[in-house]
Amino acid sequence: MNYRNSKLTEVVRQLPCQQCGIQDGTVVAAHSNQLRDGKGKGIKSSDAMIAALCYNCHHELDQGLHMSKQERIDFWEQAHRKTIKFLIENEYLIVNSKL
């Protein structure tokens, strides 16, 4: 079963798009489309594998009409890395050590 966290996906909706930078109210937590990230037929990947993307960037990613498969992978991975970095550096994600 893939990890789900509605608080995380809601926070991501408040971020600027991590591809184009727009903050127009259409930003969502765009899930990875890669099998390696838990994507399956009718199954979204884990909420840990998200990128903050606006409607236009998310549409371009999912439709991929102007990008090769590798370009779509690179597009999402770049936005994912930026999203996680933004969340950590702005203290939306805080490590709670239980060691």
Side-chain angles (χ1 to χ4, degrees):
M1 179 168 191
N2 282 331
Y3 174 75
R4 296 288 172 240
N5 187 320
S6 60
K7 290 180 183 179
L8 175 60
T9 56
E10 186 58 35
V11 165
V12 169
R13 295 183 63 189
Q14 308 306 310
L15 305 183
C17 176
Q18 297 300 298
Q19 187 64 34
C20 73
I22 197 166
Q23 198 166 8
D24 64 352
T26 69
V27 174
V28 296
H31 290 76
S32 169
N33 290 327
Q34 298 299 303
L35 293 174
R36 67 180 179 201
D37 294 330
K39 170 72 172 140
K41 185 173 181 144
I43 301 170
K44 285 186 179 184
S45 61
S46 167
D47 283 352
M49 302 306 293
I50 55 176
L53 294 176
C54 70
Y55 173 84
N56 289 330
C57 289
H58 193 189
H59 179 76
E60 182 64 25
L61 174 67
D62 284 348
Q63 300 308 310
L65 300 176
H66 302 104
M67 292 187 278
S68 68
K69 181 177 180 178
Q70 187 59 51
E71 288 171 328
R72 289 192 315 272
I73 291 169
D74 294 344
F75 180 97
W76 182 86
E77 287 185 356
Q78 179 183 26
H80 172 68
R81 285 190 306 271
K82 287 181 178 180
T83 299
I84 298 305
K85 183 177 186 284
F86 187 98
L87 289 169
I88 291 170
E89 289 180 350
N90 290 280
E91 299 184 350
Y92 288 104
L93 291 179
I94 299 171
V95 175
N96 181 4
S97 178
K98 293 183 180 181
L99 299 177

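Just so you know, residue 1 is the first one in the sequence shown, and it goes up from there. Remember, it's a predicted structure, so these values are computed and weren't measured experimentally.
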Spacing of Q70 atom CD and E77 atom CD [to the nearest 0.5 Å]: 7.5 Å
Residue R13 excluded, over 12 heavy atoms near CZ under 6.0 Å: no
Connected hydrophobic set around L87, excluding itself, where side chains approach under 4.5 Å: L8, V11, V12, L15, I50, I84, F86, I88, Y92, L93
Which atom of A79 lies closest to which atom of Q19, heavy atoms considered: CB-OE1, 4.1 Å
Neighbour count above 12 (heavy atom, 6.0 Å) for E91 CD: no
Heavy-atom side-chain contact between V27 and Q23 under 4.5 Å: no
Linked, directly or transitively: M67 and W76 (ILVMFWY side chains, under 4.5 Å): yes
Pair Q78-D74, side-chain donor/acceptor within less than 3.5 Å: no
Pairwise side-chain contact, D47 with H31, heavy-atom cut-off 4.5 Å (strictly under): yes
K85 side, atom NZ; Q18 side, atom CD - distance, nearest 0.5 Å: 9.5 Å
Approximate separation, where rounding is to 0.5 Å, of L61 CG and N56 CG: 12.5 Å
Polar side-chain atom of S45 near backbone of S32 as donor-acceptor pair, under 3.5 Å: yes
With Q14 via side-chain hydrogen bond (donor to acceptor under 3.5 Å, both in side chains) - residues at least two apart: E10
Test side chain to side chain contact (heavy atoms under 4.5 Å, CB included) applied to I22 and C17, P16, C57, the passing residue: C17
Any F75 side-chain heavy atom under 4.5 Å of L53 side chain: yes
